[in-house]
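Here the structure is laid out as structure tokens; the discussion comes afterwards.
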Number of protein chains: 2
Amino acid sequence: MKSQNQTPSTDTLKDRTHERLQELILTGDLVPGSKLLETQVAARLDVSRATLREAMIRLSEIGLLVNLPFRGTYIRKLDRVDLQEIYSFRTGLEKMAFQFGWDKRDLISLADLQMRNERLCQTISDNDAFGAIMAELHLHDWCYELSGHSLLLQSWERLKPNLQFYFAMHQKAHDRAGPLRESHDEYIRLAKGDNLDEMLRHLEDHMQQGLQNTQSFLDTTSPG
Amino acid sequence: MKSQNQTPSTDTLKDRTHERLQELILTGDLVPGSKLLETQVAARLDVSRATLREAMIRLSEIGLLVNLPFRGTYIRKLDRVDLQEIYSFRTGLEKMAFQFGWDKRDLISLADLQMRNERLCQTISDNDAFGAIMAELHLHDWCYELSGHSLLLQSWERLKPNLQFYFAMHQKAHDRAGPLRESHDEYIRLAKGDNLDEMLRHLEDHMQQGLQNTQSFLDTTSPG
DNA sequence: TGCGATTTGTCCGTATGTATT
DNA sequence: TAATACATACGGACAAATCGC
């Protein structure tokens, strides 16, 4: 008996547990650096320890959790170097995505891109910071889907939770956050254009700007 | 302070099981497309089902196994499209690696590269096909280590077993295989030089050549 | 189509080993 | 050093889903 609908997630408890635990991390409900006690978390999520452990393995693979053998599993802590790595890697991935997908663009996919951007602008106008973060990521999903490259898409899907995680931390620290209103205008314009090299060059700037927009608050946090 | 032994693998049975199972796949001991019966494999590896399941999750993440909920876990089958994806993604990753690591090269690391190439040439001379495959991958490890980029290195470490897997299949089908004697001469020369763009351009050719060198036999195999 | 056999998903109790106090 | 807390690992159990006839 399952009145399960909205999310087409697989219907194994392990997978739902994976998603729920990721939620708890991404919303900042679980504090970075803190230890996860298996019995405690299992009880909280109302699953067995075996099921929880299977869910945690995948979160460790992604990088949201860190497992130290015989010592425990901890919520990932992000420092400035980690964030720089995430952004530089993301830049490389997205350049690949545009290279693979460039010739696959058509009217339909470009209209789709346009829609995603409008949704982003809408959430920003609404002062919906969390929604804006999700909308921005969804905007960037576009090029990966366009590429039709499953390994590339997988890699992006693995990286994305780390970005969300950082944004959540950022937003929790200073409550203003999120992308700026016009930050994607040039991005969209170039993505619709016919100059791939210019698009690729812009990506470097775009990402660098995104990094610096969010990175700053780490400097004010206690080191270590 | 613990006296370190040969294998720096972690001490947990789950991890050793992961490695042993990967061995069985990479050596072709387990046939691509075949189903893994948990009780049977667990008995063969002399571990509990729970431990085996935890090990299998990570192999599913890498892509060597495919898990279908309630239906079972299967050994990955690679078709021509998969192989093309692996190679195109690998090309992108390695270009990133050289970009990140280019300015970090010094006499020591270049001597290290030289050594890896000489070892590769040696194994080829010895007609040690399996050793040559490992030596070639180790040669390519160089740029990822040089980059000092943990996400990039991780990504490569995830991709590498898929390459090994394919090489193993290839070698099992036709027993001649492995890299050619001079295939890396230009690669090494450019990696030692001072023209990054030329290096990046060569990578495309190098990978394309590697792909076509191995891809051919898939055409002679039954489709599906 | 249906039914029995098989296998996976999940839970629990428990024992062992490791880290920490 | 001893004691405690916890992760690791096992084996058995059962329901639910799938598979084969």
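Chain letters run A, B, ... following the sequence lines, proteins first, then strands; residues in each count from 1.
At a threshold of 4.0 angstrom between heavy atoms, the contacts of B/E38 are confined to the sugar-phosphate backbone, with no base atom among them.
When the P atom of D/dA7 is taken as reference, atom CZ of A/R71 falls 12 Å away, rounded to whole Å. Across the protein-nucleic acid pair, B/Q40 atom CD and C/dT8 atom C1' stand 14 Å apart, rounded to whole Å. Atom P of nucleotide C/dT20 and atom CZ of A/F70 are separated by 13 Å, given to the nearest angstrom. We find that CG of A/L13 is positioned 14 Å from P of D/dA16, with the value rounded to whole Å. The CG-P distance, from B/L37 to D/dT18, rounds to 17 Å in whole Å. When the P atom of D/dA7 is taken as reference, atom CG of A/L36 falls 9 Å away, rounded to whole Å. Atom CZ in B/R16 sits roughly 14 Å away from atom C1' in D/dC10 (whole-Å rounding). As a whole-Å value, the separation of B/D15 CG from D/dA7 C1' is 13 Å.
Listed candidates were D/dC19, D/dC6, D/dT8. Nearest to the side chain of B/T12 is D/dT8.
Within the 6.0 Å centre-distance limit, the rings of A/Y187 and A/H140 are counted as a close aromatic pair.
Looking only at atom types and distance, the side chain of A/Q122 has no donor-acceptor partner in the side chain of A/E118 under 3.5 Å away.
Geometrically, B/R105 engages B/W102 in a cation-pi contact defined by less than 6.0 Å to the ring centre and at most 45° from the axis.
Sorted pairs that involve residues 65-74 of chain A and meet salt bridge (charged side-chain N to carboxylate O under 4.0 Å, His left out), not counting sequence neighbours, are lacking altogether.
For the salt bridge (Lys or Arg N to Asp or Glu O under 4.0 Å) test, no residue two or more places apart in sequence or in another chain qualifies with B/E85.
Interface residues of residues 46-69 of chain A facing DNA chain D, ordered by number: A/R49, A/R53, A/N67, A/P69; criterion, heavy-atom separation under 4.0 Å.
Classification of the B/H206-B/H184 ring pair by plane angle, with boundaries at 30° and 60°, yields perpendicular.
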